[in-house]
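Both backbone and side-chain heavy atoms feed into the values below; hydrogens, waters and symmetry mates do not. So that the names make sense, note that chain A is the first sequence line, chain B the second, and so on, each numbered from 1.
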Amino acid sequence: MQKLVVIGAGMASGRMLEHLFEAAPGAWDVTLFNAEPRGNYNRIMLSPVLSGEKSYAEIVTHDEAWYDTHGVTCRFGEKVVGIDRDRKVVIGEQGEVAYDKLVIATGSNPFIIPLPGHDLDGVIAYRDLDDTNRMIEAARPGARAVVIGGGLLGLEAAAGLRLRGMDVTVVHIMGHLMERQLDEAAGYLLRRALTDRGIEVCCSANSKEILGEDGKLRALKLDDGTELPCDLLVMAVGIRPSVALAKEAGLETGRGIQVDAQMLTSDPDILSLGECVEFDGQIFGLVAPLYDQAKVAAQTLTGEASEYIPREVSTKLKVTGCDLFSAGDFAEGEGREDIVFRDPARGVYKRLVLEGDRVIGAVMYGDVADGNWFYGLIKGGTDISEMRETLIFGPAFQGGASVDPMAAVAALPADAEICGCNGVCKGQIVAAIEAGATSLDAIKATTKASASCGTCSGLVEQVLAVTLGDDFVLPTAKPICACTDHPHEDVRRLIKAKELKSQPAVMQELGWKTPNGCHVCRPALNYYLLADWPLEYQDDPQSRFVNERNHANIQKDGTYSVMPRMWGGMTTPEELLAIAEAAKKYDATVKVTGGQRIDLLGIKKEDLPHIWADLNAAGMVSGHAYTKGLRTVKTCVGTDWCRFGTQDSTGLGIKLEKRLWGSWTPHKFKMAVTGCPRNCAEATCKDLGVVCVDSGFEISVGGAAGMELKETEPLAKVATEQEVIDISVAFLQLYRESANYLDRPYKWIAKTGGLEWIIAQVVDDLENRAALIERFDISQSVYQKDPWAERATPHYERAWSPLADLTKEAAE
Amino acid sequence: MSWIDIGALDDIPVQGARVIKTKMGCVAVFRTADDAVFALSDRCPHKGGPLSEGIVHGHKVTCPLHNWVFSLETGEAQGADEGQVPTYDLRVESGRLLIDASKLAAQSAA
Ligand SMILES: Cc1cc2nc3c(=O)[nH]c(=O)nc-3n(C[C@H](O)[C@H](O)[C@H](O)COP(=O)(O)OP(=O)(O)OC[C@H]3O[C@@H](n4cnc5c(N)ncnc54)[C@H](O)[C@@H]3O)c2cc1C
Ligand code: HEM
Ligand code: SF4
Ligand code: FES
């Protein structure tokens, strides 16, 4: 009998031995080493063991009787410490065993991030039964767990611990969960499902340090300073093929132990398979390919010709109730096309990636019934040109349903607010329709919905269409862009009504037709989300135009201009000296602008953080001359100096600018305060202008002095500075909350049907004015920060410099 | 081919870009939402806009100056606009970005 030694009793070697004993019973004298003090079991079922849905006994794959029958000498709980290839012996902790053939199936090791504190008591990985048991022990109800890693393993651990009553937080470094298997949209749905189950999820979160007390774990600290208290910390951030043994024995290794298509290592008497190998540059982390390898390894041992061919793998998450599926390659690519289907009402997302006439990848969430059918098409390379139109609906649906652009409205609950001005919700509108109001005008008359600012009329029409079916012909509104059927107004209202707080949420729930939008819709969505959910939404710089991302105006030659704020157009000799010095140091061109401040032009991107730091040091902050936001407040010298002055126009302008700066708006917002009707500060062509008169202040809005020239219209006449400030804040906030992205105030005012409605909101209705001001201040608590000071840091110096400079490389 | 290490994948923001300086001008290195990476000349063929500062969506980038859209894969202008941006071979290995310097060198010699 030939002597076969197997190192590692895992999923791969167990399957290989089965094939071997079936093909050549009694031909081999097998010794099986396993570092774990037990034999082969179904590792992937550790998750049900953790959650309590299965017991360990149920997941054992090979028991003592089986090893007996096949004469396997079991050396469980004994680690192999060396291989002597010259003498052909394996060295175990308890002694040597000689081999004719050796199989290395050592699997992989969980990767532990070497954070400070990673060796504290209570920090564990998730790989074997011992880890699982330690988690079960720690899982007292009410105790807190943090799981680092939002991949397959981490989420299964989180779900299991949650089922055992722990408070669980998942900390994931990437922007969405399971980023290797899911795209952002499916990641969003998964996150929502986990959150519903009481698991907290922090994405884009970088762990910095594990904090302890007396050698025991206390909390995880993130690099933004957040501390997450915990009694248990599970690290599930990836695996590394376990190659140490093979490497020491002089076998060829890369990331894994290198094998050929026969599963032979660089030594013809040594085979290797499982997660420890590298084949053709590829390493493995799921069982399906390992089972193929097991078959090939057994055939190689019995001398049968055989060849391992890697195949596409598919992934499912074993968390009850989270139905997701992904297979193949779903990266976008040259010549690749996406078919996206979203059913917001059912929480379903499906995406197929086609290359030519073949499906090469599939991601689905919520309805995975067709997953295996698509997987079959992928593996088989089936030509799908015949069924392309209806492919996404799966095998049962080759008749062809159509995607319903109104699904988002149909799915709104009855108490979702449709008309914000008059507080009318969907249920009231449906009731009115059922009572016979079957046109927009009839709805306006009976419920007042869309009777005020009018921005919700698109939605009211959709409610009509959903309720009346074919009896109502929907007027076509212009969608934001080709990614969606919804116009701006509807998207704004739906973001509020459905409480959508992230871009993937909007794209999923409103049925976006592209995976991640385009340069037209993304900046709009980013604005709507940050304006409506200032505390919850995280501003996305990658969805902003260059000027707002870099906090400076890009010029035609790729350099930038830098413009510090001069409050109300006032400056000091000290500020001017600092500006002059900065201009010299960075070789800037100096221009006095129409907005009463000084522009430094021609600054290189990598110099921006430096010049900002210099200007900050002299007490100056960003002028936001590059934003859709508050620009300048021009003033005249007013009563301080002018013989005609009626009020302190300069002082009021400064007060307004200090109150409003830093706020983001749908389009740029310019203001002026002028000391008398002679209007030296040109207040009557601004978005909001104040003209001081003897008896007080005249506020007017909706001016423009660009390609279109428009005079402002009167909004209010008030007696005190405080009223000017309050009404200005309320007007700006109303504009922020209801205008379409990239509509200047004059356009917005025209769309709302004139100033009447706006006057009612911000001038007449004092309660509403106060509410607008309160919401503005909440937003300012987040956004009124000097972006220069935040970015004049070493991090930005690095991030804004070239990644590499190859001009200095040798010329050859 | 001669591959040169130019930095780590994580140095590039998702749906963003960084530039590398070369003898023949700046090259923009993009990273998309699905973590694919691409290297293209940083000069828009229209009026020289820095493509690295554009909004990245799908495997496309929109020039920040006049909104021309280019395929990151082929460098071709999309839609009605006509133009072509040179592309360079780039790959990721163990989280590091490697660019094929032979084309960079070949063109600089020309
Ligand atoms: C919790 C969990 C859930 C999973 N879920 C899924 C899933 O749903 N789907 C899926 O496809 N995959 C899943 N996987 C991955 C799957 O379990 C692995 O791909 C598979 O177990 C790898 O098999 P293997 O034989 O290569 O290694 P292993 O099963 O890890 O076996 C290797 C064995 O070798 C032993 N060993 C290592 N070094 C030595 C040494 N020097 N001396 C002696 N013995 C040694 C180890 O103790 C271990 O028992 C999951 C993994 C885990 C941990
Ligand atoms: C990308 C294009 C534009 C750039 C780079 C640009 C740049 C500038 C700058 C740097 C200033 C000085 C502003 C300040 O001091 O804060 C300015 C002022 C001004 N811009 Fe523009 N601008 C642009 C587009 C427009 C457009 C589209 C309009 C018209 C709608 C416009 C109208 C004005 C007016 C009227 C002023 C003078 C403001 C005042 O006197 O208060 N600009 N512009
Ligand atoms: S607007 Fe009136 S108060 Fe102001 S500077 Fe001109 S004239 Fe004087
Ligand atoms: S320079 Fe790129 S679009 Fe004009």
Okay, D5(B) and chain A: the region with an atom under 4.5 Å from a heavy atom over there is neither
If I take atom CE from residue M24(B) and atom CG from residue L806(A), how far apart are they, to the nearest 0.5 angstrom? 11.0 Å
Do I55(B) and S543(A) have side chains that get closer than 4.5 Å, going by heavy atoms? no
Less than 4.5 Å apart, any side-chain heavy atom of N516(A) and any of Q15(B)? yes
Run the side chain to side chain contact (heavy atoms under 4.5 Å, CB included) check on E53(B) and K605(A) step by step: do they pass? CA-CA 11 Å; E53(B) 299 290 0; K605(A) 184 179 179 188; 2.7 Å; yes
Given heavy-atom pairs under 4.5 angstrom as the criterion, report whether the side chain, backbone, both or neither of R336(A) touches chain B. neither
Hey, what do you get for CG (D35(B)) to CD (E179(A)), rounding to the nearest 0.5 Å? 7.5 Å
Under 4.5 Å to a heavy atom of chain A? For V27(B) that would be neither
Take a 6.0 Å sphere around CZ of R43(B) and say whether it holds more than 12 heavy atoms from other residues, nucleotides or ligands. no
Could you pull out the closest heavy-atom pair between I6(B) and L803(A), with the gap in Å? O-CG, 3.3 Å
Scanning both residues in full, the closest heavy-atom pair of R522(A) with H57(B) reads NH1-CB, 3.7 Å
Give the minimum heavy-atom separation between R18(B) and A799(A), together with the two atoms involved. NE-O, 3.0 Å
Who wins among L72(B), N67(B), L97(B) for the most heavy-atom pairs under 4.5 Å with chain A? N67(B)
With chain A, the option among V56(B), D11(B), I20(B), I99(B) that has the most non-hydrogen atom pairs under 4.5 Å is I20(B)
Any non-hydrogen side-chain atom of I554(A) less than 4.5 Å from a side-chain atom of P50(B)? yes
For the candidates M174(A), R798(A), R549(A), E184(A), which exhibits the highest count of non-hydrogen atom pairs separated by less than 4.5 Å from chain B? R549(A)
Residue P523(A) versus chain B: region with a heavy atom under 4.5 Å: side chain
Closest heavy-atom contact between Q542(A) and G16(B)? NE2-CA, 3.3 Å
Under the salt bridge (Lys or Arg N to Asp or Glu O under 4.0 Å) criterion, do K21(B) and E606(A) qualify, and how do the steps go? CA-CA 13 Å; K21(B) 283 190 175 167; E606(A) 55 261 46; 3.8 Å; yes
Tell me, for T22(B) versus chain A, whether the close heavy atoms (under 4.5 Å) come from the side chain, the backbone, both or neither. both
Heavy-atom distances under 4.5 Å only: say whether N550(A) touches chain B with side chain, backbone, both or neither. side chain
Counting heavy atoms not belonging to E355(A), are there more than 12 under 6.0 Å from its CD? yes
